[in-house]
J.: 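This is the structure I want to talk about, given as structure tokens.
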Protein chains: 2
Amino acid sequence: MTTSTKREAQAQERRNQLIDVARRLFAEKGMERTSIRDIADAAGVAPGLIYHYFENKDALFWAIIERHNPLAEMTALFAQAETLPVREFMLLAATRGYALMGERQDLLRIVFHEALSRPEMLQRIRVLQQMGIALLVGYLNGRIAAGELRPHNAEATARMLVGSILALRLTGAPAEPYITDIIDNLLCGVAAP
Amino acid sequence: MTTSTKREAQAQERRNQLIDVARRLFAEKGMERTSIRDIADAAGVAPGLIYHYFENKDALFWAIIERHNPLAEMTALFAQAETLPVREFMLLAATRGYALMGERQDLLRIVFHEALSRPEMLQRIRVLQQMGIALLVGYLNGRIAAGELRPHNAEATARMLVGSILALRLTGAPAEPYITDIIDNLLCGVAAP
DNA sequence: CCTCGATGATTGAACGATCATTCAATGGAA
DNA sequence: TTCCATTGAATGATCGTTCAATCATCGAGG
């Protein structure tokens with residue numbers, strides 16, 4: 001058994017601290033406007049220490065990104081899809097999606113900011129978005145097969161739902177009454193009968 | 001009449017060239033990752049010349065932003081709203097919105113990138129988005145009053161439409177068949193009858 | 001038509017500041 | 001004593017911006 005578990009725990013704690021501080025500052029100011037000295041000052045350490053834990057500034061950036069993979073939460077959400085009526089589930093999915101974006105606001109800001117100039121970041125977002133859309137499309141097609149939704153292009157509907165919730169979050173709009181209205185609009189349409 | 005119109009025209013042409021080159025590079029790499037020397041090299045001039053036309057790098061940035069105000073195009077679009085049935089107009093509005101975002105892709109990238117770290121840029125976007133949503137809400141309320149749409153929260157519908165089109169553009173999805181499906185979903189809903 | 005002074009466009013190295021990263025030295029824990 | 005965490009100034013590079021000098025254009029006067 002390793003002989004330095006206390007020391008290793010302390011190192012891990014320091015590493016996590018540096019990631020947390022960097023995430024907060026990157027979210028506030030953007031990566032380029034945040035210097036290694038800014039991060040060191042905010043963490044109360046010397047700039048050189050950062051290079052003990054991370055090869056370079058870019059490695060620190062990716063350590064922040066690696067910290068969170070939302071796919072587990074997304075698939076967990078769909079685990080209970082079968083137990084709820086369509087409207088209830090879509091309300092739940094939209095509300096949980098909105099809430100998750102809120103909890104991960106720092107990370108979202110960093111990710112969107114860097115995606116605009118880092119092709120590898122954009123690629124990573126595209127993969128995740130594709131997976132998210134696929135989960136939703138699978139659910140919608142199941143509901144169509146069960147006769148609960150009319151036959152239609154489930155992918156367009158999935159994109160509408162995700163786009164609408166993302167737009168609420170990006171514009172700083174509150175969840176309600178918008179989410180309920182959006183789901184009702186999506187299910188019933190807005191045309192006069 | 002001014003005596004140096006040829007010289008003034010040349011100066012204006014140079015100024016426009018610098019703005020165009022800067023816009024392209026800012027869109028590709030982001031503002032911080034684009035140096036004054038990058039812009040000068042791409043324009044084929046010396047770095048000092050940029051300061052003949054712009055007080056500083058930030059002034060050049062705002063000159064790019066000032067170059068375009070989409071509100072004129074947005075209001076022009078609504079000028080013909082009355083002449084079309086609801087579905088036709090909404091298809092037109094969505095298609096034109098998608099196309100405008102495509103034409104202004106460079107500017108959108110710059111604007112979204114800088115909005116994440118410049119409160120004044122975010123504020124400017126918020127105002128514009130508020131105006132756009134207001135135009136759409138006004139139109140939808142008119143259609144509700146005319147009995148063509150059922151009574152509902154027009155703002156939620158406006159946000160759905162804008163969010164859906166924005167998400168198509170951000171994810172690199174093609175306009176069709178999505179726009180037609182989205183408009184039909186929005187009008188008729190996806191619930192089984 | 002030519003010359004010359006005025007004016008604005010342009011150059012590109014220098015300047016002061018800041019950056020990311022390195023590293024020899026130090027301190028504390030094992 | 002060994003090992004790892006930590007320090008913080010130094011290093012080389014790059015940044016935005018300045019500025020004295022140069023070049024090209026323009027208009028007035030002869």
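In the text below, chain A, chain B and the rest are named by the order of the sequence lines, each starting its count at 1.
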J.: For B:E13 and D:dT25, give me the distance from atom CD to atom P, rounded to whole Å.
T.: 14 Å

J.: Any base atoms under 4.0 Å from A:F54, or only sugar-phosphate, or nothing? Heavy atoms, all strands.
T.: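 Since no nucleic acid heavy atom lies under 4.0 Å of A:F54, the category is nothing.
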
J.: Only counting residues at least two apart or in another chain, list the ones meeting side chain to side chain contact (heavy atoms under 4.5 Å, CB included) with B:L108.
T.: B:M101, B:F112

J.: Can you tell me how far P of D:dC19 sits from CD1 of B:I50, to the nearest Å?
T.: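 Going from B:I50 (CD1) to D:dC19 (P), I get 17 Å.
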
J.: Salt bridge (Lys or Arg N to Asp or Glu O under 4.0 Å) with B:R33: which residues, sequence neighbours excluded?
T.: A:E32, A:E114

J.: Enumerate the residue pairs fulfilling salt bridge (Lys or Arg N to Asp or Glu O under 4.0 Å) with a member in residues 43-54 of chain B, sequence neighbours excluded, ordered by first and then second residue.
T.: none

J.: To the nearest Å, how far apart are B:H52 NE2 and D:dA20 P?
T.: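 My rounded result for the distance is 17 Å.
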
J.: If you draw the axis of the six-membered ring of A:F26, does the NZ or CZ of A:R109 fall within 45° of it and under 6.0 Å from the ring centre?
T.: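 No, cation not above the ring by the 6.0 Å, 45° rule.
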
J.: Can you list, by residue number, the residues of residues 14-22 of chain A that have a non-hydrogen atom closer than 4.0 angstrom to DNA chain C?
T.: none

J.: For every nucleotide of nucleotides 19-29 of chain C, 5' to 3': is a protein heavy atom under 4.0 Å from its base (B), only from its sugar-phosphate (S), or from neither (-)?
T.: BBBB-----BB

J.: Can you list every pair that meets salt bridge (Lys or Arg N to Asp or Glu O under 4.0 Å) and has a residue in residues 153-162 of chain B, with sequence neighbours left out?
T.: B:E155-B:R159

J.: Could you list the residues that satisfy salt bridge (Lys or Arg N to Asp or Glu O under 4.0 Å) with B:R23, not counting sequence neighbours?
T.: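 Only B:D20, B:D106 meet the salt bridge (Lys or Arg N to Asp or Glu O under 4.0 Å) criterion with B:R23.
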
J.: For residues 128-172 of chain A, pull every pair meeting ring pair (Phe, Tyr, Trp, His ring centres under 6.0 Å), keeping only residues two or more places apart or in separate chains.
T.: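 Residue pairs passing ring pair (Phe, Tyr, Trp, His ring centres under 6.0 Å), neighbours aside: A:F89-A:Y139.
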
J.: Check salt bridge (Lys or Arg N to Asp or Glu O under 4.0 Å) between B:R37 and all other residues, then give those that pass, not counting sequence neighbours.
T.: none

J.: How would you list all residue pairs meeting salt bridge (Lys or Arg N to Asp or Glu O under 4.0 Å) that involve residues 76-102 of chain A, not counting sequence neighbours?
T.: A:E82-A:R143, A:R87-A:D184

J.: Taking only heavy atoms on the protein side, list every residue of residues 111-121 of chain B lying under 4.0 Å from any atom of DNA chain D, sorted numerically.
T.: none

J.: Only counting residues at least two apart or in another chain, list the ones meeting salt bridge (Lys or Arg N to Asp or Glu O under 4.0 Å) with A:E13.
T.: none

